[in-house]
Amino acid sequence: MLNKVSEIVVTAGLLIGSIVFWTIADRFPASTRYAMVDSDLWPKIIFGALILLTAAHLILKLVELRRSYTEEARDGIDPGYAIRLGLTCGMVLFYYFTIQILGFTISTMIFLWVVPFILPQGSIKLKLLFSPIFTLTVGMAFSWGLGMSLPRGTGIFYSFSEMLF
Amino acid sequence: MLDAYLSALGYMFGNPMTFVLILFSLLWGIAFGAVPGLTGIVGVALLIPFTFAFDPIEGMLLLGGVYVGATFGGAISAILFNTPGSPEAACTALDGYPMAQKGQAGKALGFALAASAIGGIVGTLALMFLTPPLAKLALTFGPSEYFALAVLGITAIASIGGGSVLKGLIAGLLGLAVATVGMDPLTGVARYTFGNMLLLTGIGFVPAIIGIFALSEVAHRYGQGMKKQEVITNVSTDLPSIREFIQTRITLLRSSFIGTVIGVLPGVGATTAAFISYSEAVRWSRNPKKFGTGTPDGIAAPECANSAAVGGSMIPLLALGIPGSATTAVMIGGLTIHGIIPGPMLVQNNADLVYSVFIGMMLANVVMLFFGLRAARYFAIILRVPYPVVGAAIVVLCVSGVFALNNNMVEVAVMLAFGAVGLLLKRVGFPVAAFIIGLVLGPIVEVSLRQGLILTDYDLWAFASRPITLTLLIISFASLLYGFWGQFRSTPPNDPPSDENAEPVRA
């Protein structure tokens with residue numbers, strides 16, 4: 001049931017978004033030279049088709065939802081899924097922000113120490129050892145092997161990163 | 001043509017690094033194919049930023065080797081784990097796991113490996129012989145033919161790959177919609193940039209594919225948690241005998257053909273080839289009841305077809321610039337970061353690259369066969385690596401790889417945004433492969449349509465009625481009808497996406 005509802009919400013969002021983007025395309029500056037194949041032609045075709053298809057999909061899903069409402073037992077989202085997903089996404093965002101301040105080495109080590117513990121599998125020893133080994137291997141591979149740079153952070157962390165790679 | 005082959009051979013043998021790269025990419029591909037949830041597409045996507053450090057030929061050999069290795073790698077977990085590492089190995093589990101349960105895991109792996117190598121070699125031979133003439137023919141193509149080819153790519157992946165056709169079409173159109181962001185290629189007007197200068201060049205393709213395939217997959221897998229499953233790690237070295245293997249020759253021949261042909265179709269790849277090949281093997285078998293109990297034909301058919309589809313799907317990529325599968329759509333990212341545009345001019349202007357890819361893929365299949373036969377029993381070790389560690393490492397590679405492309409954190413933010421989009425699409429059962437095909441084909445299909453209309457003086461009928469264009473458009477329409485017909489004939493009206501496998505089986 002919840003899957004169907006979430007699909008309906010997403011499809012409705014796509015339908016509304018398609019209408020909005022179609023109207024935005026309608027206001028693109030016009031070109032006299034390419035009047036018949038102007039900038040708005042292709043976006044209008046795409047968003048027009050999306051409006052039709054998402055509307056059709058929405059109607060089908062609403063009919064299915066109405067039919068299944070009486071037939072199926074109510075289900076809910078697995079709280080474990082939501083918690084683990086939330087934690088993972090939160091940690092990825094944390095990594096994105098800290099890597100700009102602390103640089104690659106420190107932020108990656110922290111990230112690799114924390115994230116594997118979201119799931120219980122694997123030995124603790126492996127999870128603790130993996131972080132510094134993998135971080136240093138990737139750092140060396142990028143800097144010395146491939147000649148590509150990694151985020152160095154700011155201030156004192158920049159100097160630290162520069163010292164390492 | 002012979003000169004081009006000799007020149008490519010000279011390059012490869014004069015540069016031993018290419019062999020190291022092929023071996024590394026095979027191992028990388030097998031690992032990504034074997035670990036459920038990683039898949040070959042993620043393996044290819046993650047390596048794209050690293051190809052920047054190599055020359056274009058080495059970069060393409062790296063990506064081609066991963067594609068070859070990953071297609072076989074999926075069979076390892078399908079046979080030992082009863083969980084296909086990648087979608088194209090789903091059918092392999094049907095007979096591979098029962099054979100492994102009988103204590104013949106080594107034999108099952110041997111069948112899968114040899115069938116993969118034979119399929120791969122046939123597919124690569126087709127690639128070698130069909131690409132140059134097709135590229136020559138494509139030089140006569142105008143914008144209307146390219147438009148029709150791109151339309152075929154999108155409708156084919158939406159309708160043939162399985163799952164809801166409507167969802168496939170919506171996902172493909174979403175990809176096309178995202179591709180409209182940026183400066184209009186004809187008029188220079190900024191579209192959907194909302195005043196942001198960084199969006200003028202459009203959405204970065206590499207960050208988008210890495211986000212949508214790799215990052216979203218890791219987040220989804222972490223969300224799901226891990227389920228304890230029985231893994232057969234005690235793999236015997238009892239490989240199939242030559243006589244046993246020869247008994248599957250008819251299946252191998254048929255599956256090689258099916259795989260190559262399906263692979264050539266724009267947008268449809270290894271997964272579809274494996275499913276069709278398996279069902280054909282059952283249909284033509286004298287004893288169809290054996291399928292599902294651990295018969296060698298049940299392993300050889302899907303493995304041979306999905307590997308043949310690898311070579312097949314490279315044909316439209318190299319000759320026409322149209323991806324033959326989701327993985328080749330991702331490989332376009334590897335070419336574009338080197339400033340190379342795939343298509344008929346690539347064969348003309350970059351013969352060294354194209355012919356080196358031919359030789360490299362052939363070598364990859366041969367190396368995989370000999371190396372794999374010796375290492376078959378050790379493949380089981382891959383499955384012991386805990387996902388919590390692997391998943392976190394993938395996120396690090398995603399972030400550092402995308403950053404290293406242009407030393408730009410904005411591209412990392414784009415990757416994160418597309419990771420969220422991928423997660424949402426997976427959650428509600430929209431196929432991400434169709435989305436990526438749409439994103440890749442977006443600029444081609446738009447420019448072709450508008451240029452074609454200008455050339456035909458805005459006469460839509462003159463644009464669509466050119467023989468090849470009309471044929472391709474009719475095939476596109478027919479594939480859609482076939483998809484809708486198949487869907488309404490076989491599926492019940494209620495098909496809620498499940499958490500386990502929300503995305504339908506795709507190329």
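Here is the naming used below: chain letters follow the sequence lines, and residue numbers restart at 1 for every chain.
Contact tally against chain A (heavy-atom pairs below 4.5 Å) for B:Pro49, B:Ala404, B:Cys398, B:Gly188: the top residue is B:Ala404. Annotation: maximal heavy-atom pairing with chain A below 4.5 Å, among B:Leu453, B:Leu169, B:Val395, occurs at B:Val395. Counting heavy-atom pairs under 4.5 Å between each of A:Val114, A:Leu112, A:Thr108 and chain B puts A:Leu112 at the top. Ranked by heavy-atom pairs under 4.5 Å with chain A, the first of B:Val396, B:Leu423, B:Leu449 is B:Val396. Note on B:Val390, B:Leu215, B:Leu416, B:Leu405: by heavy-atom pairs under 4.5 Å with chain A, the leading option is B:Leu416. Of the listed residues (B:Ala219, B:Gly442, B:Ala53, B:Ala393), the one with the most heavy-atom contacts under 4.5 Å to chain A is B:Ala393.
Pairing each heavy atom of B:Ala413 with each of A:Tyr96, the nearest pair is CB-OH, 3.4 Å. Residue A:Leu119 comes nearest to B:Gly225 through the heavy atom pair CD2-CA, 3.6 Å, listed as atom of the first residue, atom of the second, then distance. Of all the heavy atoms in B:Lys167 and A:Glu7, the pair that sits closest is CE-OE2, 2.7 Å. Nearest heavy-atom pair across B:Leu186 and A:Tyr34 is O-CE1, 3.8 Å. Across A:Ile46 and B:Leu173, no two heavy atoms sit closer than the pair CG2-O, 3.6 Å.
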*After noting the C-alpha distance and the side-chain angles of A:Ser39 and B:Thr187, does the key distance pass the side-chain hydrogen bond (donor to acceptor under 3.5 Å, both in side chains) rule?*
CA-CA 7 Å; A:Ser39 305; B:Thr187 64; 2.6 Å; yes

*Decide side-chain contact (heavy atoms from CB on, under 4.5 Å) for A:Leu87 and B:Tyr222; before the verdict, give the C-alpha distance in whole Å, the side-chain angles of both, and the deciding distance to 0.1 Å.*
CA-CA 9 Å; A:Leu87 278 172; B:Tyr222 265 77; over 6 Å; no

*Take B:Asp184 and A:Trp42 through the side-chain contact (heavy atoms from CB on, under 4.5 Å) test and state the conclusion after the steps.*
CA-CA 10 Å; B:Asp184 177 358; A:Trp42 183 242; over 6 Å; no

_For B:Phe403 and A:Phe142: C-alpha separation, side-chain torsions, deciding distance, then whether ring-ring contact (aromatic ring centres under 6.0 Å, His included) applies._
CA-CA 11 Å; B:Phe403 172 83; A:Phe142 268 76; 9.3 Å; no

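Interface residue A:Leu41: only side-chain heavy atoms are found under 4.5 Å from chain B. With a 4.5 angstrom heavy-atom cutoff, A:Leu14 touches chain B only via side-chain atoms. Contact of A:Ile118 with chain B is made through the side chain alone, with heavy-atom distances under 4.5 Å. Neither the backbone nor the side chain of A:Ala141 comes within less than 4.5 Å of any heavy atom of chain B. In this structure, chain B has heavy atoms under 4.5 Å from both the backbone and the side chain of A:Asp38. For chain B, the nearby part of A:Thr11 is the side chain; its heavy atoms alone come within less than 4.5 Å. B:Val389 touches chain A through backbone and side chain together, each having a heavy atom under 4.5 Å away. If you measure heavy-atom distances from B:Tyr458 to chain A, the contacts under 4.5 Å come from the side chain alone. Interface residue A:Leu126: only side-chain heavy atoms are found under 4.5 Å from chain B.
Dense packing is recorded around CZ of A:Phe117, with more than 12 heavy atoms of other residues, nucleotides or ligands lying under 6.0 Å away. Within a 6.0 Å radius of CZ in B:Phe52, no more than 12 heavy atoms belonging to other residues, nucleotides or ligands are found.
Counting heavy atoms from C-beta on, the side chains of A:Ile99 and B:Met409 come closer than 4.5 Å. No side-chain heavy atom of B:Val189 sits less than 4.5 Å from a side-chain heavy atom of A:Ser31. Considering only heavy atoms from C-beta on, B:Val412 stays 4.5 Å or farther from A:Tyr95 through its side chain.
Cation-pi geometry between B:Arg427 and A:Tyr81 is satisfied (NZ or CZ under 6.0 Å from the ring centre, within 45° of the ring normal).
Taking CZ of B:Phe430 as the reference point, atom NE2 of A:His57 lies at 4.0 Å (rounded to 0.5 Å).
For residues 174-181 of chain B, a heavy-atom distance under 4.5 Å to chain A picks out B:Leu174, B:Leu176, B:Ala177, B:Thr180, given by residue number.
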